[in-house]
Amino acid sequence: MVTSPHTDTPTSATKDASTRTLTKRRSALWRNAQRAPRLISLASVALIAIALVLTFLFAPGAKTFQQTFLDPTELRETIFGNAGKNIAPIWGALLKNIELFLVAEPIILVLALGVALVRLSKSPLMTGPRIIAIMYVDVARGLPLILVVYAVYFGLPLTSIPVLSTMTYFQYGIICLVFCYTAYVSEVYRAGVMSVPNAQLLAGRAIGLTESQLLRNVTVPQAVRVVVAPLINDFVSLQKDTAIISVGSGVVEIMSQAHIDQSIWFRDTPFIIAGLFFLVMCVPLTRIADAVLARDLRTRLSGSPVTPRRRWSARASAESMATVLQP
Amino acid sequence: MSDSTTPPTSDDLTNTSSEVCPQPLVVDAHDVIKRFGEREVLRSVTLHVAPHDVVSLIGASGSGKSTLLRCLNLLERIDGGRISLFGQDLADPDVRGELVRRHVGIVFQAFNLFPHKNVLDNVTLGPTKALQVDRKVAEEKAMDLLSRFGLKDKAAEYPDRLSGGQQQRVAIVRAIAMEPELLLLDEITSALDPELVAEVLDVVRELAQGGMTMLLATHEMNFARDVSTKVCFLADGEIAEMGTPAQIFTAPQDPRTQQFLRSLTAAGRL
Ligand SMILES: Nc1ncnc2c1ncn2[C@@H]1O[C@H](COP(=O)(O)OP(=O)(O)OP(=O)(O)O)[C@@H](O)[C@H]1O
Ligand SMILES: [Mg+2]
């Protein structure tokens, strides 16, 4: 290192340069530190994948497994049907599930809001409805859906209650889903509202808001953030539970179609297909729920939307932290 | 709350020793009792605040300062006694909490800004919703206030991006944007780092100079001495002593006040 004769402080240039090399070394270390975990995760994924494939191909019984669950002809005929063998394509039945879901979900969302509001109300006038609502939620959450399905399908037609005894099985199915899921969704709403801190309500009242203005401008906007992810979870669950509706009814949804197909070959490939269809419907939803939840965790405390600048600065601060920690 | 300005009765005025004024008292609290369950948190509190008064409430933690402030704007209901604001009895069945609170601002120790709204929306929510002021007008006024307190460039920020001192100044602006006739300040600097206290107290000082009637609970004794027209020492839910800052801080009469001030001096806070 040559010190320039023009600088008054000859050491400053030396110091500058050494700081620069140090900084360079630190950022190299930082890059390595970032790369290492990526390599490790890649290796771990590859290992698991290889193990799975080997098991599937060579484990004892692998052959029988493939015949039972993954026969190619059956796969094809299950999906597209075969008029000659009188096999209906399974995706037709899938539409029934989607229909059940699309009809039930809006009803659930609205009724659950009603139940939640009743449970949240503090008015003495609402004590009666509140007790009913609490009892309903306890019962509906405590009973397995399949039991409700049996009770409704076999029980209601036996009664001579005007409308209830003469509905279609599709409508009975909707009743069952709505009965069970309204309870869950109302609890999600309620938890959302209760998650808003009392200090926020005080602050809203302090500027003269009425209770309904408080609900609209303070409580609901903050509750919504908390509610979205668990609501999507319940959607996913509802979508799957539409499969239970076929039990003992004439509603041919995907499960019952799979059952019919299975009784032709006495092998289980149709169930695999049905399962795949459910996955195709549900997995995107669960991914969305996860993404929403992650966003929620980042913004719950701050309450502000995550902007690119924010993400960048979080990363920058992690980087500078790492630099500081280097020896 | 109506804008009725019925003059206070002569009884009320004779009770106030120091200030006899022609206008109705802003706060006229008489024998106020507040219980939480079995505990009597306020025991017979009598307090008067005249227009343009700045009254400090001092006292140990748990002595009931916050509770008293909350009773004054009906965030809490009292269990005994009587409170009149601007000559209007709060026990009157026509008096609705939200109407009272449109005239009585309060700022909390923990700021309590709305995290889902930016600074400007925090400030304009009250005027636009509770007072039905036109949004444009409310925003102009809010911007005026924000610039007055050095917060102009923060208008679009969300509260979590502000320092504690800035958040608390926004909270004060949010309260005064309602143009309250009385401002309650509940230990507004207690949650702040020491270096941020001054900027918030400066705001309060400016409001006091502007003639705002204020009632403030505080642990900042030097500030209380500086800014108040009257100081009340609260002990166990009672007003143990009340007087001018000079009386309370230099010649306290009640042994509890003396003890409290001694302990503060020992802690180097006075
Ligand atoms: N909502 C409540 N329920 C039950 N007790 C309460 C409630 N709020 C306050 N208290 C009690 O009332 C007493 C007075 O409380 P308060 O908050 O008014 O005291 P403070 O003088 O403001 O104290 P600090 O200086 O710590 O803020 C305390 O003992 C407290 O425990
Ligand atoms: Mg307090």
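So that the names make sense, note that chain A is the first sequence line, chain B the second, and so on, each numbered from 1. Since we're looking at a predicted model, the values are computed, not measured.
- Annotation: the span from A:Leu209 atom CG to B:Arg102 atom CZ amounts to 8.0 Å, rounded to 0.5 Å.
- For the pair B:Glu98 (side chain) and A:Arg205 (backbone), a donor-acceptor distance under 3.5 Å is absent.
- Interface remark: B:Val107 contributes no atoms to any contact with chain A (heavy atom separation under 4.5 Å).
- For chain A, the nearby part of B:Leu113 is the backbone; its heavy atoms alone come within less than 4.5 Å.
- Scanning both residues, A:Gly208 and B:Ala130, for their nearest heavy atoms gives O-CB, 3.3 Å.
- Here the side chain of B:His116 pairs a donor or acceptor atom with the backbone of A:Asn217 at under 3.5 angstrom.
- Only the side chain of B:Arg70 comes within less than 4.5 Å of a heavy atom of chain A; its backbone N, CA, C and O stay farther away.
- In this structure, chain A has heavy atoms under 4.5 Å from both the backbone and the side chain of B:Phe114.
- In this structure, chain B has heavy atoms under 4.5 Å from both the backbone and the side chain of A:Gln200.
- The shortest distance between side-chain heavy atoms of A:Ile207 and B:Ile106 does not fall below 4.5 Å.
- In the displayed structure, A:Leu39 atom CG is contacted under 6.0 Å by more than 12 heavy atoms of other residues, nucleotides or ligands.
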